[in-house]
Amino acid sequence: MAILFLETLCITVFETKDVQAATENDLQQLLNQNAANLMNNEILAQTDDLIPTAATITYSGVNGTANWDIDSTGKLTVHSGQLAYGVGNWKNYASSIKSVYVEEGGKSK
């Protein structure tokens with residue numbers, strides 16, 4: 001009985017290209033850019049909570065001759081004018097009101 005072993009020869013050919021090593025200046029520029037990016041991202045992350053977002057008007061109306069509005073933060077603003085006698089017509093939104101601001105010129109009877 002004869003045992004035959006065949007050896008397989010694999011040849012892999014790679015394309016070669018010229019490779020240029022980075023210089024010290026290139027490496028320093030890369031480090032500086034990475035540091036600047038990290039600092040910018042850190043500053044943005046820290047200021048995200050500090051930058052107020054604009055409140056939007058959720059309810060508005062007129063009481064007497066004074067306009068009023070309630071914004072998304074719950075601030076009732078009474079604009080200049082004469083308020084009507086009695087309970088303000090914003091009473092239906094009382095549960096939304098967290099603060100009140102009366103502009104200069106706002107008057108009540």
Inset, instruction - Decide yes or no on side chain to side chain contact (heavy atoms under 4.5 Å, CB included) for His79 and Asp69, but give the supporting numbers first. - result: CA-CA 8 Å; His79 302 279; Asp69 53 61; 2.6 Å; yes

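Hydrophobic clustering, with ILVMFWY side chains joined whenever heavy atoms are under 4.5 angstrom apart, groups Val100 together with Trp90.
The side-chain heavy atoms of Ile70 and Ile97, taken from C-beta on, include a pair separated by under 4.5 Å. Residues Tyr101 and Leu76 are not in side-chain contact: their nearest non-hydrogen atoms beyond the backbone lie 4.5 Å or more apart.
Between the side chain of Thr73 and the backbone N or O of Ala55, no donor-acceptor pair lies under 3.5 Å. Judged purely by atom type and a 3.5 angstrom limit, Asp71 uses its side chain to pair as donor or acceptor with the backbone of Gly74. Under the 3.5 Å distance criterion, the side-chain polar atoms of Asn63 are matched with a main-chain donor or acceptor of Ala84.
Looking at every heavy atom in both residues, Ser80 comes nearest to Glu104 through CB-O, 3.4 Å.
In this structure, OG1 on Thr77 lies 11.5 Å from CG on Asn67, to the nearest 0.5 angstrom. How far CG of Asn89 is from CH2 of Trp68: 5.5 Å, rounded to the nearest 0.5 Å.
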